[in-house]
Amino acid sequence: MRHLPALALLLLLLGFGAQGAEVSHVCGRPRMLNRMVGGWDALEGEWPWQVSIQRNGSHFCGGSLLTERWVLTAAHCFSNTSETSLYQVLLGARQLVRPGPHAVYARVKRVESNPLYRGMASSADVALVELEAPVTFTNYILPVCVPDPSGAFEAGMSCWVTGWGSPSEEDRLPSPRVLQKLAVPIIDTPKCNLLYSKDAEAGLQPKAIKDDMLCAGFAEGKKDACKGDSGGPLVCLVGRLWLQAGVISWGEGCARRNRPGVYIRVTSHHDWIHRIIPNLQFQQAELGGQKRGPQVQQHLLDSVPRLAAHMLLSVLAALLALL
């Protein structure tokens, strides 16, 4: 019987070590890798960070999973951030109608809108949604990587936007409302400002692309995010990781000529995001790798419990050999 406490402790430490290994970096790496290039319907598990934010059971905005507890979306999605009981988040779904066995509904604990947001088409159109309970990562529910402030998404870079929004200004996404995907090139800010200055309505000041905004899409229109896509992610493949470059914010109509989609740059709000989610690890966009400096130190600190567990296991193994 004297072997049992030691064996129990050994099993406990083995479980602890396995749990630590499970919390390795999983962001930006979909496990379902089969892709349909040029297609419209997303595949099962293709964009595992995409979520549907719902009010009274109806989809109204998109979002992206950053951690087990936090979702990034647009501030304009929430006119009332206090009545959290009205909202829920759907994760792991490919379609909104009968989402299927991989989907999970999560209750909302609180919504943190960026305090600098001043209304539609203004800067800082970002919000963070905290879930009541942490979600379990699966093949269909995984976080996207968040770039650190050094991340630069250059003009011409091809990225992807996803969502359950309307396929046009007049239509609603038909049942079963399958998640849509679209490849869009990044447009530099001077060119985007020039496009928005064309064909401006008489007497109205053209909308300006602010420093924390990012344009993506086509000057000729025809392809764009639309109503219901707001808050969803614009993601770019950098190295082997998918990094979120932008949050769907606004545009004049949908897919109109000279009116590409406008997104909020995630890197512009690094400090605010880090303040709300201090343990979030930011990724270096240039290399698709781990950020240098304090974040790497945090990563090493995260490894300490696993190292301690392995050391204790070695000691226990030696003790058991003596018993």
Side-chain angles (χ1 to χ4, degrees), residues 47 49-53 55 59-66 70-79 81 111-129 144 146-147 151 153 155 157 159-166 169 180-197 205-219 221 223-236 243-256 258-273 276:
W47 312 101
W49 43 80
Q50 176 77 48
V51 308
S52 163
I53 301 177
R55 181 173 50 229
H59 168 85
F60 68 95
C61 271
S64 52
L65 188 66
L66 302 189
W70 288 97
V71 165
L72 178 63
T73 187
H76 79 256
C77 290
F78 294 94
S79 56
T81 58
V111 178
E112 290 280 351
S113 291
N114 192 307
L116 299 178
Y117 177 62
R118 294 293 180 266
M120 186 61 82
S122 86
S123 292
D125 184 14
V126 284
L128 287 165
V129 177
V144 69
V146 183
F153 299 93
M157 186 175 184
C159 300
W160 289 81
V161 60
T162 50
W164 286 281
S166 305
E169 290 183 45
Q180 301 295 291
K181 63 181 180 181
L182 175 66
V184 288
I186 302 293
I187 299 174
D188 66 59
T189 298
K191 180 180 179 181
C192 194
N193 269 317
L194 180 62
L195 290 173
Y196 267 87
S197 70
Q205 183 74 17
K207 291 186 174 70
I209 309 304
K210 309 292 196 314
D211 290 342
D212 73 335
M213 294 178 184
L214 178 71
C215 295
F218 305 90
K223 299 176 181 180
D224 195 8
C226 201
K227 184 179 179 182
D229 289 322
S230 290
L234 173 73
V235 297
C236 309
L243 274 65
Q244 184 165 352
V247 175
I248 301 173
S249 180
W250 63 275
E252 284 187 10
C254 302
R256 293 183 187 178
N258 297 326
R259 298 296 185 268
V262 184
Y263 305 77
I264 298 298
R265 290 180 186 270
V266 174
T267 53
S268 295
H269 299 282
H270 167 272
D271 291 347
W272 175 75
I273 294 171
I276 304 294

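Model, not experiment: these values are computed from the prediction.
- Judged as a side chain to side chain donor-acceptor pair (under 3.5 Å), and not counting sequence neighbours, the contacts of S52 are Q54, H59.
- To the nearest 0.5 Å, the span separating OG1 on T267 from CD on Q244 amounts to 11.0 Å.
- L234 places a side-chain heavy atom less than 4.5 Å from the side chain of I186.
- Listed by chain and residue number, D125, I264 satisfy the side-chain contact (heavy atoms from CB on, under 4.5 Å) test with S249 (two or more places apart in sequence, or in another chain).
- Every residue two or more places apart in sequence or in another chain that forms a side-chain contact (heavy atoms from CB on, under 4.5 Å) with S113 is listed here: A75, T81, V111, A127.
- Separation of atoms OG1 (T73) and CZ (F78) is listed at 5.5 Å; rounding is to 0.5 Å.
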Using side chain to side chain contact (heavy atoms under 4.5 Å, CB included), reason through L66 and V144 one step at a time and then give a plain yes or no.
CA-CA 6 Å; L66 302 189; V144 69; 3.9 Å; yes

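- V266 is listed as a side-chain neighbour of V247, based on a closest heavy-atom distance under 4.5 Å.
- With contacts defined as side-chain heavy-atom distances shorter than 4.5 Å, the pair L194/S197 qualifies.
- Panel note: side chain Y196, backbone P260; a donor-acceptor pair is recorded below 3.5 Å.
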List the steps and the verdict of side chain to side chain contact (heavy atoms under 4.5 Å, CB included) for W70 and I273.
CA-CA 10 Å; W70 288 97; I273 294 171; over 6 Å; no

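- One distance of note links SG of C77 with CZ of R55; it measures 9.0 Å at 0.5 Å rounding.
- In this structure, the side chain of D229 engages the main chain of G165 through a donor-acceptor pair within 3.5 Å.
- Atom-to-atom distance recorded for E112:CD and L72:CG is 13.0 Å, nearest 0.5 angstrom.
- Listed by chain and residue number, S122 satisfy the side-chain contact (heavy atoms from CB on, under 4.5 Å) test with R118 (two or more places apart in sequence, or in another chain).
- Atom OH of residue Y263 and atom OG of residue S230 lie 10.5 Å apart, to the nearest 0.5 angstrom.
- Residues F218 and P185 form a side-chain contact, since some pair of their non-hydrogen atoms from C-beta on lies under 4.5 Å apart.
- Contact check for P147 versus F153: side-chain heavy atoms found under the 4.5 Å cut-off.
- Note that the CH2 atom of W250 and the NZ atom of K207 stand 6.0 Å from one another [nearest 0.5 Å].
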Validation: residues 208-217 side-chain donor-acceptor distances under 3.5 Å, sequence neighbours left out:
{"from": "D212", "atom 1": "OD1", "to": "S123", "atom 2": "OG", "distance (Å)": "3.1"}
{"from": "D212", "atom 1": "OD2", "to": "A124", "atom 2": "N", "distance (Å)": "2.8"}
{"from": "D212", "atom 1": "OD2", "to": "H269", "atom 2": "NE2", "distance (Å)": "2.7"}

If you apply the rule side chain to side chain contact (heavy atoms under 4.5 Å, CB included), what do you find for V126 with W272, and how did you get there?
CA-CA 10 Å; V126 284; W272 175 75; 3.8 Å; yes

